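Please read these numbers as outputs of a predicted model, since none were measured by experiment.
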Amino acid sequence: MNNEQQVEALLFIAGSEGVSVESLAEITGYARPAISTILDDLAERYAKDKRTALMLIQTGGTYKLVTKPELSKVLKKYFDQSNRSGLSAAALEILAIIAYRQPITRIEIDEVRGVHSGTTIQNLVLRNLIKVAGRLNEPGRPKTYATTAEFLDYFGLKNIDELPKLENSVSSDQDQEEDLFLKEFESKMNINDGEN
């Protein structure tokens, strides 16, 4: 695996959060000037390659892979269609984690699930079921996520206090909370899907 592939893979995994030159240097062990050169080369390659849908941008000190602007129309169609369909098991799982632990970062969600959640989180933000609640005052200033009023409407709740009560749960055993939420709202989703 070459240096460019490693940086590209890290950009892909970072998703909409993006990643800084400092973080890339720390993770890969390459010097910062080398990382900057790799990023410049990647940005140029994406810009010149008419066969790829991706481009590399820098915002707020972080680099991220995004889709090219000319694809916005087809992506909007996808998200409109996605909004009409039900939520996946992964989306329900992430909603459960956020609902009970908000505000929470993507990394914390990933730790609970054991898999990368960036794409599903981004889709939930686009569906307005979750929102960026703020940023932590720590290196990288990670975003925190919380549920929205749309989330409450979607599941027929008046407020967050109407989430299923958790019997015999202890704060150190959060898995039970997510499982209960998932079961409760999977049945709710089945009802909603039948009505649509």
Side-chain angles (χ1 to χ4, degrees), residues 8-20 23 46 53-164 174 177-178 181-182 184-186 188-189 192-193 196:
E8 188 175 31
L10 290 167
L11 288 164
F12 176 78
I13 289 296
S16 62
E17 297 284 320
V19 62
S20 67
S23 294
Y46 284 124
L54 302 176
M55 60 187 282
L56 180 63
I57 63 167
Q58 179 189 12
T59 56
T62 64
Y63 288 82
K64 60 184 81 172
L65 292 174
V66 298
T67 53
K68 290 179 176 175
E70 57 267 29
L71 297 168
S72 62
K73 187 182 260 187
V74 72
L75 295 176
K76 183 180 184 315
K77 284 183 183 176
Y78 168 78
F79 285 112
D80 287 347
Q81 183 181 46
S82 176
N83 283 343
R84 289 193 297 270
S85 63
L87 295 171
S88 67
L92 284 170
E93 184 179 29
I94 290 168
L95 280 174
I97 294 166
I98 294 171
Y100 282 103
R101 297 189 184 187
Q102 59 189 314
I104 185 171
T105 66
R106 179 188 58 80
I107 292 171
E108 291 170 325
I109 295 166
D110 291 350
E111 286 173 358
V112 172
R113 298 186 66 227
V115 294
H116 181 68
S117 306
T119 302
T120 307
I121 289 172
Q122 193 170 9
N123 289 340
L124 290 170
V125 169
L126 288 170
R127 291 180 78 155
N128 201 30
L129 293 172
I130 61 172
K131 65 183 177 183
V132 176
R135 289 184 176 268
L136 294 183
N137 192 17
E138 59 184 50
R141 305 261 305 142
K143 296 175 185 173
T144 58
Y145 296 93
T147 55
T148 63
E150 184 78 17
F151 166 85
L152 297 175
D153 290 343
Y154 193 86
F155 291 109
L157 302 170
K158 291 179 186 170
N159 55 56
I160 205 71
D161 295 330
E162 289 191 345
L163 284 170
Q174 298 289 330
E177 294 181 3
E178 283 100 36
F181 179 90
L182 191 56
E184 182 79 17
F185 283 94
E186 272 181 341
K188 178 103 177 134
M189 279 303 302
N192 286 349
D193 287 345
N196 290 339

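Counting heavy atoms from C-beta outward, L87 and L124 have side chains that approach closer than 4.5 Å. Between T144 and L136, the closest side-chain pair of non-hydrogen atoms falls below 4.5 Å.
From L95, atom CG reaches atom CZ of R127 across 9.0 Å, with rounding to the nearest 0.5 Å. The OG1 atom of T147 sits 9.0 Å away from atom CG of L157, with the distance rounded to the nearest 0.5 Å. Note that the OG atom of S117 and the CD1 atom of I109 stand 6.0 Å from one another [nearest 0.5 Å]. Distance check, rounded to the nearest 0.5 Å: CG of L163 to CZ of F151 gives 5.5 Å. Atom CD1 of residue I121 and atom CD1 of residue I130 lie 5.5 Å apart, to the nearest 0.5 angstrom. Atoms CD and OG1, from Q102 and T148 in turn, are 9.5 Å apart once rounded to the nearest 0.5 Å.
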Please test L65 against Y46 for side chain to side chain contact (heavy atoms under 4.5 Å, CB included), starting from the C-alpha separation and ending with a verdict. CA-CA 10 Å; L65 292 174; Y46 284 124; 3.5 Å; yes
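Residues Y145 and E108 bring no donor and acceptor atom of their side chains to less than 3.5 Å of each other. Residues S23 and S20 have side chains that bring a donor and an acceptor to within less than 3.5 angstrom of each other.
Considering only residues two or more places apart in sequence or on other chains, R141 meets the salt bridge (charged side-chain N to carboxylate O under 4.0 Å, His left out) condition with none of them.
For N137, the CG atom sits in a loose shell: 12 or fewer heavy atoms of surrounding residues, nucleotides or ligands are nearer than 6.0 Å. In K143, the NZ atom is crowded: over 12 heavy atoms of neighbouring residues, nucleotides or ligands sit closer than 6.0 Å.
Contact detail for M55 and P69: the closest heavy-atom pair is SD-CD, 3.5 Å. Here the closest non-hydrogen pair linking L71 and A53 is CD1-CB, 3.3 Å.
Just one residue in the list L56, V19, T59 forms a side chain to side chain contact (heavy atoms under 4.5 Å, CB included) with K64, and that residue is T59.
Between R113 and E93 there is a salt bridge, with a side-chain nitrogen of the basic residue lying less than 4.0 Å from a carboxylate oxygen of the acidic one.
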